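Scope of the values below: all heavy atoms of this structure, side chains included, with no hydrogens, waters or symmetry mates. Small disclaimer: the values here were computed from a predicted structure and weren't measured.
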Amino acid sequence: MAGQSRKWMIVVATTWVQAFTGTNFDFSSYSSTLKSVLGISQLQLNYLSVASDMGKLFGWCSGVSLMYLPLWLVMFMAAFMGLFGYGIQWLVIEQIITLPYFLVFLLCLLAGCSICWFNTVCFVLCIRNFPTNRALALSLTTSYNGVSAALYTLVANAINPDNDTLYLFLNALLPLFASGLALIPVLRQPPLQPLSADVTRYDSFIFIILNIIAVITGLYLLFMNSLASEASVARILLVGATILLILPLCFPGIVYARAWARQIIHNFHFDRSTFSLVGPDDLELHKDLLGNDHNNGSNGNSCCLIENEGIFGKVMEKDRLRMLGEEHPARLLVRRWDFWLYFMAYFCGGTIGLVYSNNLGQIAQSLGYYSQLNSLVTLYSACSFFGRLLSAAPDFLRDKLYFARTGWLALALVPTPIAFLLLATSGSEGALRAGTGLVGLSSGFVVSAAVSITSELFGPNSASVNHNILITNIPIGSLLFGLLAALIYDSNAHSTVQEDLLGATMICMGRHCYLITFICWGCISLLGLVSSFVLFRRTRPAYDRFERNRSQT
């Protein structure tokens, strides 16, 4: 039972690390100040945000490091990369030192690498300690990455609400502090051991409690941050947020109350299969049953009869996945049509939401709502947090409302084109807030659900490599979508009457600064939605077959 307690300490420690390492979400809070101090254009500022996202290109380095180095050492390597990358940027923005643009670009790249390394450490911790309920562990812990901006805003307001440069200082120090707090649980990981059905069901119940606490934390940060304009109020609210982050520590102790836990679990009638991601054992059984399914005549193909007719049917059938969990090495992965549909859905859905977040500072400034920037960043952060939590819905609702996980992905992409339509048709503060919330909700779901989808479609054992291949779309999208926005912004800044020269920089004011960008982003997000729908139609038979075989066993 002590091992079970240590397992839940891992969950709490991972949520702390994730809560303070989503440092890319607060880029908008200091981007305008950084642009002014460096005297750069919007295009050059976009390259700095791209540099942060380019850390995803080096995600494989963290995986390779974990093959040779202890996990705690890799975690602190990530912390010191962030300390160096963000710390020197803070010295630059405070004008204590002066660096050329190229070195600042490299510092942003190093800071982005630290985020990716932290994510890899957290993914490994969840997968190692929760092999059965890893989807729930991943969605819960990665969701806290979405509240980073709200937490940093609260901490910055508690220190000095008028100092935007504090964000870089906090980005440098707080991840190192969180790593120190997580050190003991990481060092004392429990040994791997088979779990009984009672323990598995109890784990599911604890995840429900932790998700409830997470929802309360997200709502608290969303609604209370608007009251934190004064330092004294922000300090009180920060104490409340700290209590909510510490609160999950109470629940590992409940492990020892076995009789009470069994009674609660019995009353709620939880079933193990309701909350389990597709696991390796299930997949092996699925592969065995698949042969029998094909031997039953047309049963295995009955769900595809309509799709086999016409050109659309041929597109649906060509090289489609026949079963879940088949391992795909990289050379096979890149030849799969389903992978490229998945890549395009993420590229035009989740990634475009991250690019919107990077541009939020200039969007708010151009529309005349720069004074509301902190609350907008908090809104995006909180909605991203709830989107990540919702990515666990397929597991919680599996027996009551079964739906392929790729179908949930398609539904999650629907709010993004709606958001850009709102932003393009209206420049009001209400439209800006509604659009920001919808984009944050959608991108948060996609980012969190992607790890589970990758392991289901292309094999759990290859997920660490395959997922790093998938997320190379983030720096590519950051470059292309951000470049589009920056070119349109700079062209309007040169032609606008309301120019504000800050050193060598120009500020564009008015709806026209981002109007064409919103229209283009909306069309791109529609392409992502179509790709996700086609992916769902192609993979639905494999999901249905797996669910049918699971029910039979």
Side-chain angles (χ1 to χ4, degrees), residues 2-3 5-24 51-90 106-131 134 137-138 140-142 144-145 148 168-193 245 248-249 252 451 455 460-469 471:
S5 180
R6 293 205 303 268
K7 181 178 69 174
W8 292 108
M9 290 292 292
I10 288 289
V11 171
V12 177
T14 305
T15 59
W16 289 346
V17 172
Q18 288 280 27
F20 290 104
T21 55
T23 48
N24 54 327
S52 179
D53 292 330
M54 282 178 64
K56 304 294 188 300
L57 292 176
F58 302 96
W60 58 271
C61 295
S62 56
V64 172
S65 299
L66 286 171
M67 295 172 61
Y68 303 100
L69 300 174
L71 194 144
W72 66 268
L73 181 58
V74 175
M75 180 176 66
F76 275 98
M77 288 171 65
F80 280 104
M81 280 192 284
L83 179 66
F84 187 78
Y86 286 116
I88 296 182
Q89 285 187 73
W90 177 73
L106 292 180
L107 290 173
C108 291
L109 177 61
L110 185 63
C113 283
S114 73
I115 299 171
C116 191
W117 281 48
F118 272 124
N119 288 339
T120 302
V121 169
C122 292
F123 294 159
V124 170
L125 283 171
C126 290
I127 292 172
R128 281 184 184 175
N129 292 279
F130 292 92
R134 66 175 179 267
L138 286 168
L140 175 67
T141 55
T142 57
Y144 276 86
N145 198 246
S148 291
L168 280 169
F169 181 77
L170 296 172
N171 286 354
L173 290 182
L174 288 183
L176 180 60
F177 175 72
S179 300
L181 292 177
L183 178 60
I184 294 179
V186 169
L187 289 175
R188 291 178 54 80
Q189 291 185 65
L192 294 178
Q193 55 186 357
L245 289 175
L249 276 176
V451 182
S455 65
N461 296 329
S462 306
S464 58
V465 175
N466 291 343
H467 192 67
N468 278 321
I469 295 175
I471 62 175

Query raised in the report: Got a donor-acceptor contact below 3.5 angstrom from the W117 side chain to the V74 backbone?
Result: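 Pair absent, no side-chain N/O of W117 close to backbone of V74.
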Query - Under 3.5 Å donor-acceptor, S52 side chain and L109 backbone - result: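 Between the backbone of L109 and the side chain of S52 there is no qualifying donor-acceptor contact (under 3.5 Å).
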Requested in this report: Would you indicate whether L73, at its atom CG, is surrounded by more than 12 heavy atoms from other residues, nucleotides or ligands within a distance under 6.0 Å?
Outcome: yes
Query raised in the report: So with a 6.0 Å cut-off around CZ of F76, is the heavy-atom count from everything else above 12?
Result: yes
Compare every heavy atom of [Y] with every heavy atom of [X], then report the nearest pair and how far apart it is.
X	Y	value
I10	P185	CD1-O, 3.1 Å
S148	G22	OG-N, 3.0 Å
S114	M81	CB-CB, 3.9 Å

Just so I know, are the side chains of [X] and [Y] near enough to count as touching, which here means a heavy-atom distance under 4.5 Å?
X	Y	answer
M77	L69	yes
Y86	L110	no
Q18	N119	yes
P248	V11	no
V121	V17	no
L245	F20	yes

Enter the distance from [X]:[atom1] to [Y]:[atom2] here, rounded to the nearest 0.5 Å.
X	Y	atom1	atom2	result
N171	T21	CG	OG1	10.5 Å
S179	F80	OG	CZ	9.0 Å
C122	L71	SG	CG	9.0 Å
L125	T120	CG	OG1	11.0 Å
I471	C116	CD1	SG	5.0 Å
T23	L168	OG1	CG	9.5 Å

Query - Partner residues of T15 under the side-chain hydrogen bond (donor to acceptor under 3.5 Å, both in side chains) criterion, sequence neighbours left out - result: none
Query - Pairs meeting criterion side chain to side chain donor-acceptor pair (under 3.5 Å) with involvement of residues 70-80, two or more places apart - result: none
Requested in this report: Return the set of residues passing side chain to side chain contact (heavy atoms under 4.5 Å, CB included) with C126 (not counting sequence neighbours), or none when no residue passes.
Outcome: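 In terms of side chain to side chain contact (heavy atoms under 4.5 Å, CB included), with neighbours along the sequence ignored, C126 is linked to T14, A137, L138, T141.
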